[in-house]
Each structure stands twice: as C-alpha cells, then as structure tokens.
Asker: 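Quick one: structure below, then a few questions.
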Amino acid sequence: QLQLVESGGGLGQPGGSLRLSCVASGATLKGYSVGWFRQAPGKEREGVSCIRNFANSVERVNADSVKGRFTTSRNNAKTTMYLTMDSLRPDDTALYYCAVRSRGLPCSLIPDEYDVWGQGTQVTVAW
C-alpha cells in the first residue's frame, strides 16, 4: 500500500530553480528505485531521473536532457525523494510525477517498468 505524493511545483523562471518533493507513505523507500517522469500536453511521458538507495550504495540515472541541471536526493529517513531543478528552461514545463518500481529492481527511465505513481505536480517555466 505504498503511496506517493508530489509537491513543490509551480512557476519557475528561465534560468531559475525549483525543488520537487516525493513523499512516501505505507512503506519505506529503502531499496526502491524512485523515478521522476514528466509529461507535457499532447506528448509522451518521458523519464527524467531515477535514484535507488540500496545496501551502502546509491544508483542514479539521468536523462540527457537534464544532465548537469537536475539532481536527485533524499532525506535521512528515506521517506522523501527530491528533484532539484536548476537552470530551468521553458521546455521543462510539464506535469511531473514520481514513481517506484518493485523493490530491488534497478533504476530505469522507462515508465512502463514502474508500478506506483503519485498524482503529479505541475511545473511551468516562464517569465
């Protein structure tokens, strides 16, 4: 009964920053791949970033479109995952989702491989 809730979206300025949060309830995120995805109206959902904490390691995967700009992180309790978005561009505008795969599976940017999704938070990048 793992549930995810995204927050932190809103209006960002080009070149500015926003930080999205994904809060988990019902289960710990330890060992889960947590992915960030986005979907603009009329476009396919695309993978943005993924982070998985397992054993004493951290696995990360980032889409080419956000490398060097977006960063994933987590809180100490492993109940919240963050997506820090820097150097925002207008084409970052989309509905952003967090999602998790079954526990123990590696990071992926393929939406169909994820099982539990949040409700989404809107990000709009404009002056």
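One is the number of the first residue; the rest follow in order along the sequence. Both backbone and side-chain heavy atoms feed into the values below; hydrogens, waters and symmetry mates do not.
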Asker: So which atom in Leu18 and which in Gly10 form the shortest heavy-atom distance, rounded to 0.1 Å?
Answerer: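 So the minimum-distance heavy-atom pair works out to CD1-O, 4.0 Å.
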Asker: Keeping Glu59 on the side-chain end and Cys107 on the backbone end, is there a donor-acceptor pair under 3.5 Å?
Answerer: yes
Asker: Would a 4.5 Å heavy-atom cut-off, applied to side chains only, mark Asn53 and Met81 as touching?
Answerer: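 In short, these two side chains touch, coming nearer than 4.5 Å.
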Asker: Is the backbone N or O of Trp36 less than 3.5 Å from a side-chain atom of Tyr114, with the two atoms forming a donor-acceptor pair by type?
Answerer: no
Asker: Keeping the roles fixed (side chain from Arg60, backbone from Thr72), state whether a donor-acceptor pair exists under 3.5 Å.
Answerer: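 Yes, the answer is positive, given that a donor and an acceptor are paired below the 3.5 Å cut-off.
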Asker: Tell me whether Val34 is reachable from Leu4 by hopping between hydrophobic residues (I, L, V, M, F, W, Y) whose side-chain heavy atoms are closer than 4.5 Å.
Answerer: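 Same hydrophobic cluster.
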Asker: For the CG atom of Leu105 and the CG atom of Asp115, what is their distance to the nearest 0.5 Å?
Answerer: 8.0 Å
Asker: Under a 4.5 Å side-chain heavy-atom rule over Ile, Leu, Val, Met, Phe, Trp and Tyr, are Phe37 and Leu95 clustered together?
Answerer: yes
Asker: Please check if the side chain of Glu6 supplies one atom and the backbone of Cys98 the other of a donor-acceptor pair under 3.5 Å.
Answerer: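 Pair found, side chain donor or acceptor close to backbone of Cys98.
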Asker: Is the CD atom of Gln122 crowded by more than 12 outside heavy atoms at less than 6.0 Å?
Answerer: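 Counting other residues, nucleotides and ligands, CD of Gln122 exceeds 12 neighbours.
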Asker: Kindly say whether Lys30 contributes a backbone atom to a donor-acceptor pair with the side chain of Arg103 at under 3.5 angstrom?
Answerer: yes
Asker: Look at the side chain of Ser33 and the backbone N and O of Pro106, then say whether any donor-acceptor pair between them is shorter than 3.5 Å.
Answerer: yes
Asker: Mind checking the CH2-CD spacing from Trp127 to Gln13? Nearest 0.5 Å is all I need.
Answerer: 5.5 Å
Asker: Do Leu83 and Leu11 share a hydrophobic cluster, counting only Ile, Leu, Val, Met, Phe, Trp and Tyr and linking them when any side-chain heavy atoms are less than 4.5 Å apart?
Answerer: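 No, separate clusters.
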Asker: So how far is it from Met85 CE to Ser49 OG, rounded to the nearest 0.5 Å?
Answerer: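 One finds 11.5 Å between CE of Met85 and OG of Ser49.
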Asker: Might you point out which heavy atoms bring Ala94 and Ala40 nearest each other, and give the distance in Å?
Answerer: CB-N, 3.9 Å
Asker: Testing Thr84, Asp86, Asn62, Asp92 one by one against Arg69 for a side chain to side chain donor-acceptor pair (under 3.5 Å), which residue passes?
Answerer: Asp92
Asker: Under 3.5 Å, is there a donor-acceptor pair between the side chain of Thr93 and the main chain of Val125?
Answerer: yes
Asker: Not counting sequence neighbours, which residues clear side chain to side chain donor-acceptor pair (under 3.5 Å) with Asp64? List them please.
Answerer: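 Only Lys67 meet the side chain to side chain donor-acceptor pair (under 3.5 Å) criterion with Asp64.
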Asker: How many angstroms lie between CZ in Arg101 and OH in Tyr32, if you round to the nearest 0.5 Å?
Answerer: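 These two atoms lie 13.0 Å from each other.
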Asker: Relative to the ring of Phe70, is the ring of Tyr96 parallel (under 30°), tilted (30 to 60°) or perpendicular (over 60°)?
Answerer: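 The rings of Tyr96 and Phe70 sit tilted, inter-plane angle from 30° to 60°.
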Asker: If every non-hydrogen atom of Gln119 is compared with every non-hydrogen atom of Tyr97, which pair is closest and at what distance?
Answerer: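 Looking at all heavy atoms of both residues, the shortest contact is O-CE2, 3.7 Å.
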Asker: Measure the spacing between NZ of Lys43 and CG of Asp91 and express it to the nearest 0.5 Å.
Answerer: 7.0 Å
Asker: Indicate the atoms forming the closest heavy-atom contact of Thr80 with Leu29, along with that distance.
Answerer: N-CD1, 4.5 Å
Asker: Considering all heavy atoms of both residues, which atom of Gly104 and which atom of Arg52 are nearest to each other, and what is their separation?
Answerer: O-NH1, 3.6 Å
Asker: Hey, quick one: are Phe54 and Val61 part of the same hydrophobic cluster, counting side-chain heavy atoms closer than 4.5 Å, chains of contacts allowed?
Answerer: no
Asker: What's the spacing between Arg19 CZ and Ser17 OG if we round to 0.5 Å?
Answerer: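 Output value for this atom pair is 11.5 Å.
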